[in-house]
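Heads up, the thing below is written out as structure tokens.
Just so it is clear, the values below take in all heavy atoms, side chains as well, and ignore hydrogens, waters and symmetry mates. Residue numbers start from 1 in every chain, and the chains themselves are labelled A, B, ... in the order their sequence lines are given, proteins ahead of strands.
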Number of protein chains: 2
Amino acid sequence: MVKKQKDQTTEQVILAAAKKVFVQKGMAGARMQDIADEAGINKALLHYYFRNKEKLFEVIFLEAAEKLFPKINAIFEADRPLFEKIENFCDEYISIVMDNPYLPLFVLNEINQDPEYFLKKVWAGKAKPNPVKFLEQMEKEVKKGTIKKINPMHLLMNLLSMTIFPFIAKPMFQKNLGMGEAQFRIAMEERKKEIPRFIIDSIKK
Amino acid sequence: MVKKQKDQTTEQVILAAAKKVFVQKGMAGARMQDIADEAGINKALLHYYFRNKEKLFEVIFLEAAEKLFPKINAIFEADRPLFEKIENFCDEYISIVMDNPYLPLFVLNEINQDPEYFLKKVWAGKAKPNPVKFLEQMEKEVKKGTIKKINPMHLLMNLLSMTIFPFIAKPMFQKNLGMGEAQFRIAMEERKKEIPRFIIDSIKK
DNA sequence: ATTTTTGTTAACCATTTGGTTAAATCGTAT
DNA sequence: ATACGATTTAACCAAATGGTTAACAAAAAT
């Protein structure tokens, strides 16, 4: 049960409980009763603060999405040398996700189950990622001759894959490689440097 | 609705329908009625063939897992040069997953929601992946001086990430990069060669 | 042909689940 | 104190959902 800290408002307690339950069980698997129990409150109180399950879910989901996507967008927008961008991205993104290791799977799973909802709710007015700048920067570097010829789309996929996937497959990696929580954290910490090195080694001439 | 082809047994029709519904909605979100409708049969008939939802799910889930994991295991076991292993893995694995693009997310998601179930059911008697051989092979190559010094665990994570993640983030990539179904297939087809090249460029001396 | 087994269905049942209501409690301004 | 709005709860409700039953149809065995 989520302990109600002093100065924590009931709404915050509910949100914390809802996040925990939704992220673990997903929209469909989550029970309003579970969330109420987790928050240590009556089920009716949930509906007092958030009209219904859908509304509550939306708050949690959007918060999660807002935590994950803007940072990805930033690697397109930033006005920095390519290699530096890559290094910054890995460092910052892994830091973010390490504090919320289950968010990526949660978000991607819900997107998968209803892509339209996501498209409408998350990328409605917000800045839909625009890869053009990143693409151009790649082209420029290729022409300058600083990096090998590579399809920017694949490079982007590689970068995102190596950064995010280990968190999505976390339980699998842990079970299979016999990693505990601490070892996993260490490994992810290492990847902040490992991934950029791996990428740069691959594309630099 | 799943059309009942001539010579398709009812059980197969049910399994096809169940797979479709389970993979799209997950265990919790799937409704027995949906599966029945999809299969074009009565709901009671589901329980005639498969005692209950859990049993039916187990069949689908295990089938999915069996399709995804043995191939991963093979890259550890195979007795081939490292670079060749990597090339083979990407080629074969992407081929498998292209025929079932939604399986990885489905399986990883369910594992995440109940890792113990997975551990017990899938890796019960079956060959639990054993990374030792792969690790040794890496060490050998490093000592031979054919590749750079790299932590095998990270290399493994990189390989699996780049191969699998694009399918997990498929809707996201499609929406964001404006890819249709065909373009996505083309991109994945490219990755069969792109990923090995990317990796080998990175680690070869 | 008829009995028996297998496959299939409509109707039904019990439980779960999201959501509502009306009463009670708490905090606070008067 | 007391009135009043905000907060919280117990009890309740209707719909959805997994599962069962008993009857019926089709196929196979006798």
Side-chain angles (χ1 to χ4, degrees), chain A residues 1-63 106 109-110 113-114 117 121, chain B residues 1-63 106 109-110 113-114 117 121:
Chain A
M1 194 182 96
V2 168
K3 274 281 189 282
K4 183 170 182 173
Q5 320 263 27
K6 54 178 175 250
D7 87 338
Q8 264 232 69
T9 163
T10 300
E11 191 173 324
Q12 290 172 318
V13 174
I14 292 177
L15 285 174
K19 179 177 171 179
K20 184 171 173 185
V21 174
F22 274 131
V23 166
Q24 210 244 321
K25 310 228 188 190
M27 165 64 171
R31 301 286 152 240
M32 292 299 266
Q33 189 59 60
D34 295 343
I35 297 174
D37 292 348
E38 181 70 31
I41 58 164
N42 188 288
K43 183 164 63 93
L45 201 54
L46 288 182
H47 293 85
Y48 177 75
Y49 280 93
F50 304 89
R51 207 177 325 284
N52 54 37
K53 190 181 176 182
E54 213 177 321
K55 283 269 194 297
L56 179 54
F57 174 80
E58 193 166 302
V59 174
I60 301 298
F61 180 77
L62 289 183
E63 188 192 299
F106 168 67
N109 192 50
E110 299 294 339
Q113 278 171 38
D114 189 352
Y117 171 90
K121 290 290 177 182
Chain B
M1 195 181 96
V2 166
K3 273 281 189 283
K4 183 169 182 174
Q5 321 262 29
K6 54 180 175 252
D7 86 338
Q8 263 233 81
T9 163
T10 300
E11 190 173 325
Q12 290 172 318
V13 174
I14 291 177
L15 285 173
K19 179 178 171 180
K20 184 170 173 185
V21 175
F22 273 131
V23 166
Q24 210 244 320
K25 310 228 187 191
M27 165 65 171
R31 301 285 152 240
M32 292 299 266
Q33 189 60 60
D34 296 343
I35 297 174
D37 292 349
E38 181 70 31
I41 57 164
N42 189 289
K43 184 163 63 95
L45 202 54
L46 288 182
H47 293 85
Y48 177 77
Y49 281 91
F50 305 89
R51 207 179 324 286
N52 53 38
K53 191 181 175 182
E54 212 177 324
K55 283 270 193 296
L56 179 55
F57 174 79
E58 192 166 304
V59 175
I60 301 297
F61 180 77
L62 289 183
E63 189 192 299
F106 168 67
N109 191 51
E110 299 294 338
Q113 278 171 39
D114 189 352
Y117 171 90
K121 290 290 177 183

From CG of A:Leu56 over to C1' of C:dT17, roughly how many Å is that when rounded to an integer? 15 Å
What one should report as the nearest heavy-atom pair of A:His47 and A:Lys43 is ND1-O, 3.4 Å
Of all heavy-atom pairs between B:Ile14 and B:Ile35, which one has the smallest distance, and what is that distance? O-CG2, 4.4 Å
Return the nearest nucleotide to the side chain of A:Ile41; candidates are C:dG19, D:dT9, C:dT9. D:dT9
Here the distance between atom C1' of C:dT16 and atom NZ of A:Lys53, to the nearest Å, is 12 Å
Is there side-chain contact between A:Lys20 and A:Lys25, with heavy atoms separated by less than 4.5 Å? no
Of all residues at least two apart in sequence or in a different chain, which pass the side-chain hydrogen bond (donor to acceptor under 3.5 Å, both in side chains) check with A:Glu63? none
Closest non-hydrogen atom pair between A:Val23 and A:Phe106, with its separation: CA-CD1, 3.7 Å
Taken to the nearest whole Å, CD/B:Glu54 to P/D:dT17 is 18 Å
Contact residues, residues 42-49 of chain A to DNA chain D [heavy atom, < 4.0 Å]: A:Asn42, A:Ala44, A:Leu45, A:Tyr48, A:Tyr49
Starting at atom CD1 of A:Ile35, determine the distance to atom C1' of C:dG18, rounded to an integer number of angstrom. 11 Å
Please report the closest heavy-atom contact between A:Phe50 and A:Glu11, naming both atoms and the distance. CZ-CG, 3.9 Å
Between P of C:dT9 and CG of B:Asp37, the distance in whole Å: 12 Å
Here the gap from A:Met27 atom CE to A:Glu58 atom CD, rounded to the nearest 0.5 Å, amounts to 10.0 Å
How many whole angstroms separate atom CD1 of B:Ile14 from atom C1' of C:dT9? 13 Å
Could you tell me whether the phosphate oxygens of D:dT7, OP1 or OP2, come under 4.0 Å of any side-chain nitrogen or oxygen in A:Thr10? no
Strand contacts (DNA chain C) in residues 23-30 of chain A, 4.0 angstrom heavy-atom criterion: A:Ala30
B:Arg31 CZ to C:dT15 C1', straight-line distance once rounded to whole Å: 14 Å
Verdict with reasoning, B:Tyr49 to B:Leu56, per side chain to side chain contact (heavy atoms under 4.5 Å, CB included): CA-CA 9 Å; B:Tyr49 281 91; B:Leu56 179 55; over 6 Å; no
Grab the two heavy atoms, one from A:Gly29 and one from B:Ala28, that are nearest each other, plus how far apart they are. CA-CB, 3.5 Å
